[in-house]
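This report concerns only the one structure given below.
Only this structure's heavy atoms are used, side chains among them; waters, hydrogens and symmetry mates stay out.
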Amino acid sequence: MSKKQKKEPVKTPVKIDKESAIKSLGSFHQSQKKLDYLKKFEEENPVDDLFGEGTKELGDKVISLMKKGDITYEQAYACLQYVYNKLKFESNFLKI
């Protein structure tokens with residue numbers, strides 16, 4: 001082999017059974033649905049189906065609490081952003 005020629009890496013085929021492939025695709029599809037949900041709000045929300053029972057109810061309670069606080073939409077968004085940032089920070093230390 002001359003100095004200019006590079007040795008090609010050996011490519012080993014990966015064997016995956018049909019059941020594992022289907023599970024991976026299903027998991028990917030579910031993850032994609034969650035990402036789609038987080039990007040786009042629709043009137044009919046499958047939030048409980050995607051994230052677990054009680055998620056929508058808790059979200060509705062948060063909105064109700066904000067309405068009682070007599071705050072502007074801008075303040076509400078700032079509050080939600082604060083909550084998001086705090087949860088993201090705390091997720092490094094504990095599981096909710």
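Although no hydrogens or angles enter the test, the distance criterion places no donor-acceptor pair under 3.5 Å between the side chain of Asn85 and the main chain of Tyr82.
One distance of note links CG of Leu87 with CG of Leu80; it measures 10.5 Å at 0.5 Å rounding.
Shown here are the salt bridge (Lys or Arg N to Asp or Glu O under 4.0 Å) partners of Lys61, two or more places apart in sequence or in another chain: Glu57. When the side chain to side chain donor-acceptor pair (under 3.5 Å) test is applied to Thr72, the partners found at least two apart in sequence or on another chain are Gln75.
None of Asp60, Val47, Leu50 except one satisfies the side chain to side chain contact (heavy atoms under 4.5 Å, CB included) rule with Thr55; the exception is Val47.
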